[in-house]
**Q** 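Take this structure first; my questions come after.
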Amino acid sequence: DAALNRLQELYEQDHTIVVSQSGGKDSTICMELAIMAADAAGKLPINVIHRDEEILFPNTYEYLDRVASRPEVNMHHVWAGQPVVNVFNRNNPYWWIFDETIPRDEWVRQPPEYAYQIEEKNINALVTKDRFPTKEGKDLLACIGLRVQESPNRRMGLFSSKGHITKPNNMGTKYLRPIYDWTDGDVWKAIQDFKWDYNHAYDVMVKHGRSKNKLRIAPLTMTTAGIPDLQLAQKAWPQWFDRVCHRLDGIRTVTQFGKISCQPSRKKGETWEDCFKRECINDAPEWIAKRAKHVYQKQLEAHIRANGNIPFPQINSLRANPIGSFKKLAMATWNGDPFALKCNALPYMEPEEFREGSGYWGGKPTF
């Protein structure tokens, strides 16, 4: 009732709401609640937008097709051809959605006929007043399925914005989080009690032993957290998995050998210093070696300032530093850390570095 009231109040005030639909369970709940709220306020159909990721679990896009066919929904299924991180490929950390430089039959799937292409690569530019005209003096709100149960950072983000509605982003769009206080159990209870349609990839995951707090629909190559999902997909959807392996380098190897295949491997009798220099500099692709040297130099300078002539540690940092040892350096820089998630001293890797004409992030990269 609280989530429904949050939405209905905004519809009655004549603000423009756009539900960001990923195909996952949380955005499904937001969409169904928005339909109920808009119906009560006389504002149907609702606006829904999905940006195609090309590679998501089977059943996801079949579910989105069903969403698009509903009379209560004004569906915007868009694709942008944006680069996406592939942490399992050290030679090129990016692959491009619906890549126009390769034959289309090599794409894992084709976009639906009702989809349309957009120029904006940054996900913050999906919901804009150009695409969704908003009345003067009213807000444009992107409704997202953020829930604070999922991580402490999301909880702190909610506290910092002082409510379920954020300040406008650089596009003038506010983010609306109507189900921030829901648990996993609340989500599945609502789907069951109201008999709402949902992505049946979740059924397949459950049949393969996935617990309810680990059910996720998300891009599979952005972090090593996607490895268990790839291993599940190999068993659950073998033909789809083979297409993904043909499309992207490194997928079959990491699925077979797990996380150890995308980490530095220290040889017998080798120090972590030797391992770091061999794996991340001497034998690494040039772009990774350059970044590893930069991080090492910055860490060494900080270490000398704090600890004088004490040797740089092999394993354990001398201070509360997440990468203040050769082992941690090797772990952090082995794949180049293209988004600088672990190494703040690094710049983001621009797509232009790997494909001429693909452009620059122009700020903090985001998907």
**Q** Is there side-chain contact between Arg210 and Asp229, with at least one heavy-atom pair below 4.5 Å?
**A**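 Counting from C-beta outward, Arg210 and Asp229 do come under 4.5 Å.
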**Q** Take Ser27 and Gln21 through the side-chain hydrogen bond (donor to acceptor under 3.5 Å, both in side chains) test and state the conclusion after the steps.
**A** CA-CA 5 Å; Ser27 55; Gln21 171 61 280; 2.6 Å; yes
**Q** Within the structure provided, determine whether Asn335 and Pro93 are in side-chain contact (heavy-atom separation under 4.5 Å).
**A**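 SC-SC contact between Asn335 and Pro93 ruled out.
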**Q** Between Ala37 and Tyr11, which heavy-atom pair has the shortest distance, and what is it?
**A**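 Ala37 and Tyr11 have their closest heavy atoms at CB-CD1, 3.9 Å.
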**Q** Determine whether the side chains of Thr101 and Asp99 contain a donor N or O and an acceptor N or O closer than 3.5 Å.
**A**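 Side-chain D/A pair, Thr101 to Asp99: present.
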**Q** Decide yes or no on side-chain hydrogen bond (donor to acceptor under 3.5 Å, both in side chains) for Thr166 and Arg177, but give the supporting numbers first.
**A** CA-CA 9 Å; Thr166 69; Arg177 302 164 292 190; 5.7 Å; no
**Q** Quick check: do Lys135 and Thr16 have side-chain heavy atoms less than 4.5 Å from each other?
**A**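 Not in contact.
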**Q** Could you verify whether a donor N or O on one side chain and an acceptor N or O on the other, from Ser211 and Asn213, lie under 3.5 Å apart?
**A**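 The answer is yes; a qualifying pair exists.
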**Q** About how many Å separate CZ of Phe241 and CG of Leu220, when rounded to the nearest 0.5 Å?
**A**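 Output value for this atom pair is 10.0 Å.
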**Q** Indicate whether any N or O donor in one side chain lies under 3.5 Å from an N or O acceptor in the other, for Asp203 and Tyr198.
**A**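 Short answer, yes.
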**Q** Classify the side-chain pair Asn47/Asn74 by whether it contains a donor and acceptor separated by less than 3.5 Å.
**A**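 Yes, side-chain donor-acceptor contact under 3.5 Å.
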**Q** I'd like to check Gln149 versus Asp184 (side-chain heavy atoms, cut-off strictly below 4.5 Å). Are they in contact?
**A**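 When only atoms from C-beta onward are counted, Asp184 and Gln149 do touch, with a gap below 4.5 Å.
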**Q** In Å and rounded to the nearest 0.5 Å, what is the NZ to OG1 distance from Lys138 to Thr134?
**A**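 Here the interatomic distance stands at 11.0 Å.
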**Q** Would Val108 and Ile102 show up in the same hydrophobic cluster when neighbours are defined by side-chain heavy atoms closer than 4.5 Å?
**A**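 As far as the 4.5 Å side-chain criterion goes, Ile102 and Val108 are connected within one cluster.
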**Q** List the steps, then state whether ring pair (Phe, Tyr, Trp, His ring centres under 6.0 Å) holds for Trp188 with Tyr202.
**A** CA-CA 11 Å; Trp188 291 112; Tyr202 287 115; 5.2 Å; yes
**Q** Specify the closest pair of heavy atoms between Arg247 and Ile55, including all atoms of both residues, with the distance to one decimal.
**A**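 In this case the closest contact between Arg247 and Ile55 is CG-CD1, 4.2 Å.
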**Q** Establish whether Tyr175 and Val48 are linked, either directly or via other cluster members, by ILVMFWY side-chain heavy-atom contacts under 4.5 Å.
**A**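 Shared cluster, no.
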**Q** Hey, could you give me the CE/CD distance between Met171 and Glu120, rounded to the nearest 0.5 Å?
**A**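 Those atoms lie 7.0 Å apart.
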**Q** Tell me whether the rings of His77 and Tyr61 are parallel (<30°), tilted (30 to 60°) or perpendicular (>60°).
**A**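 Judged by the thresholds at 30° and 60°, the geometry between His77 and Tyr61 is tilted.
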**Q** Could you tell me whether the side chain of Val84 reaches within less than 4.5 Å of the side chain of Thr221, counting heavy atoms only?
**A**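 Yes - at least one pair of side-chain heavy atoms lies under 4.5 Å apart.
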**Q** Of all heavy-atom pairs between Gln299 and Leu329, which one has the smallest distance, and what is that distance?
**A**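 In terms of heavy atoms, the two residues are closest at CG-CD2, 4.1 Å.
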**Q** Report yes or no: is the cationic atom of Arg90 (NZ for Lys, CZ for Arg) closer than 6.0 Å to the six-membered ring centre of Trp334, at no more than 45° off its axis?
**A**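 Geometry flag: set, cation within 6.0 Å and 45°.
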**Q** Can you spot which of Asp26, Asp181, Asp186 makes a salt bridge (charged side-chain N to carboxylate O under 4.0 Å, His left out) with Arg147?
**A**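 With Arg147 as partner, salt bridge (charged side-chain N to carboxylate O under 4.0 Å, His left out) holds for just one option, Asp26.
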**Q** Do you see a donor-acceptor pair shorter than 3.5 Å between the side chains of Ser261 and Thr253?
**A**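 No donor-acceptor contact under 3.5 Å links the two side chains.
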**Q** Flag this pair as yes if the NZ/CZ of Arg104 is under 6.0 angstrom from the six-membered ring centre of Phe98 and inside a 45 degree cone about the axis; otherwise no.
**A**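 No.
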**Q** Quick one: are Val19 and Ile49 in side-chain contact, heavy atoms under 4.5 Å?
**A**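 No - every pair of side-chain heavy atoms lies 4.5 Å or more apart.
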**Q** Is there side-chain contact between Phe57 and Asn199, with heavy atoms separated by less than 4.5 Å?
**A**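 No, their side chains stay 4.5 Å or more apart.
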**Q** Quick one: closest heavy-atom pair of Ile144 and Pro178, and the distance?
**A**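 In terms of heavy atoms, the two residues are closest at O-CD, 3.8 Å.
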**Q** Between Tyr296 and Phe326, is the ring centroid distance below 6.0 Å?
**A**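 Centroid separation for Tyr296 and Phe326: below 6.0 Å.
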**Q** Hydrophobic clustering (ILVMFWY, side-chain heavy atoms < 4.5 Å, transitive) - are Ile123 and Leu146 grouped together?
**A**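 Hydrophobic grouping puts Leu146 apart from Ile123.
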**Q** Give the minimum heavy-atom separation between Arg66 and His200, together with the two atoms involved.
**A**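 The pair with the smallest heavy-atom distance is NH2-CD2, 3.6 Å.
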**Q** Could you walk me through whether Tyr63 and Thr28 pass the side-chain hydrogen bond (donor to acceptor under 3.5 Å, both in side chains) test, one step at a time?
**A** CA-CA 10 Å; Tyr63 165 67; Thr28 291; 3.0 Å; yes
**Q** Please report the closest heavy-atom contact between Gly23 and Ile217, naming both atoms and the distance.
**A**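 That closest heavy-atom pairing would be O-CG1, 4.4 Å.
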**Q** Any donor-acceptor pair under 3.5 Å linking the side chain of Ser317 with the backbone of Pro313?
**A**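 The answer is no, because no donor-acceptor pair under 3.5 Å joins these two groups.
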**Q** When Phe354 is tested against each of Trp95, Tyr360, Trp287, Trp96 for ring pair (Phe, Tyr, Trp, His ring centres under 6.0 Å), which residue passes?
**A**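 Answer after filtering Trp95, Tyr360, Trp287, Trp96: Trp287.
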**Q** Any side-chain donor-acceptor pair under 3.5 Å between Ser325 and Asn316?
**A**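 Judged by distance alone, the side chains do not pair up.
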**Q** Using side-chain heavy atoms (C-beta onward) and a distance below 4.5 Å, is Thr333 in contact with Cys343?
**A**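 They are in contact (side-chain heavy atoms under 4.5 Å apart), so the answer is yes.
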